[in-house]
2 protein chains.
Amino acid sequence: MVLNKTTSPLKSEELDISAWDMDNCPVRDVIDRISGKWSTLLLEALAIRPYRFGELRRLIPDISQRMLTQTLRDLQRDGYIEREVFPTKPPSVEYRMTDLGRSLFEPLSKVLQWAVVNHADVKAARERFDASELA
Amino acid sequence: MVLNKTTSPLKSEELDISAWDMDNCPVRDVIDRISGKWSTLLLEALAIRPYRFGELRRLIPDISQRMLTQTLRDLQRDGYIEREVFPTKPPSVEYRMTDLGRSLFEPLSKVLQWAVVNHADVKAARERFDASELA
DNA sequence: GAGTGTTGGTCTCAAAAAGAGACTAACACT
DNA sequence: AGTGTTAGTCTCTTTTTGAGACCAACACTC
């Protein structure tokens, strides 16, 4: 091994990380589910007020009913939102955020705010990267 | 329309939301890229110290080389990490977090902490949901 | 009373993304 | 000469996602 110079330092931190339990990692378990393409968007909407299925579909025009159903069910399963069926005809269904969901959305909204504030920087970085790619 | 009772209130907030520009939404543009299955995990590692390609692969045993390459390139493109090639033989490549990456990781780490703290609640919610599903 | 619209989904099929694993070149060490 | 290392790419299969048809039951219109 010739490259020890770059790999040898910080053995202790390395051990620290290999202690990550990849199979039962809370972070992966939780994040994998809220990191879907639509999850954040739906949490963002339901953080404002409850919405009905059809309202959400109209609010996010490019989501398919299939993914809307599935993402809402996943969010409900993990306890972030509640689903209530009203026995009207045709039945209407309302989704609303739970306390757990609101508690998650608090730190999550900070990341969303970061995205708004730093959007220009990210786009600039992308342009630099794409420009240097053509070389 | 018979269901006006449920849909009529809060017209102003509704307008607020339909003002979301779905096509050029900063939140979607930024979040869609860091919300991949592996992005958060890699940012978490590189927040600690720089790592080389092979180190990251060993650190996250269940990532394929293909997805590791691709996710690292995406994170680099958006300006969160830097890639440096050392002209050793065989060449070694080091990935390190940029200032922009660190600034993103600050709020992001709060969500990660939330995940650790509330993991039990989420698992409990899942079990309740799955139990009520069999009905 | 036939036609149209509304509700919240499910079902099927096509397209896109992700995972598994073989393969590469150039050198070090045995 | 044979094995191991590096950071990838390439191909093939499996999984995930998207597009759209379809559903039942009722309200309203003509």
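What you are looking at is a predicted structure, and each value in this text was computed from that prediction instead of being measured.
Remark: B:Arg57 fails to qualify as a cation-pi partner of B:Phe53 under the 6.0 Å distance and 45° angle criteria applied to the six-membered ring.
Atom CD1 of A:Ile63 is separated from atom C1' of D:dT17 by 11 Å (rounded to the nearest Å). In this structure, CD of B:Glu55 is placed 14 Å from P of D:dT5, rounded to the nearest angstrom. Protein atom NZ of A:Lys89 is 12 Å distant from nucleotide atom P of D:dC28, rounded to whole Å. In this entry the distance linking CG of A:Leu68 with P of C:dT7 reads 13 Å, nearest Å. The nearest whole Å value for the distance from the CZ atom in A:Phe86 to the C1' atom in C:dT7 is 14 Å. Rounding to whole angstrom units, CZ of residue A:Arg52 and C1' of C:dG9 are separated by 13 Å. Atom P of nucleotide D:dT17 and atom CZ of A:Arg73 are separated by 14 Å, given to the nearest angstrom. For the pair A:Arg57 CZ and C:dG9 P, the computed distance is 11 Å after rounding to whole Å.
Mapping A:Gln65 and B:Thr69 onto DNA chain D via the closest heavy atom, the residue that lands nearer the 5' end is B:Thr69.
Counting heavy-atom neighbours within 6.0 Å of A:Glu106 CD, excluding the residue itself, gives a total of 12 or less.
Ion pairing between B:Asp78 and A:Arg126 holds under the 4.0 Å rule for side-chain N and carboxylate O. Classification of B:Glu94 and B:Arg96 as a salt-bridged pair holds, one side-chain N sitting under 4.0 Å from a carboxylate O. A salt bridge between A:Arg28 and B:Glu44 is absent, with no side-chain N of the basic residue lying under 4.0 Å from a carboxylate O of the acidic one.
Contact check for B:His119 versus A:Asp29: side-chain heavy atoms found under the 4.5 Å cut-off.
Residue B:Tyr51 places none of its side-chain N or O atoms closer than 4.0 Å to OP1 or OP2 of D:dA7.
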Taking only nitrogen or oxygen atoms into account, show me every contact under 3.5 Å that the protein makes with nucleotides 14-18 of chain C, one pair per line with its distance.
residue, atom, partner, partner atom, Å
C:dA18, N7, B:Arg66, NH2, 3.0

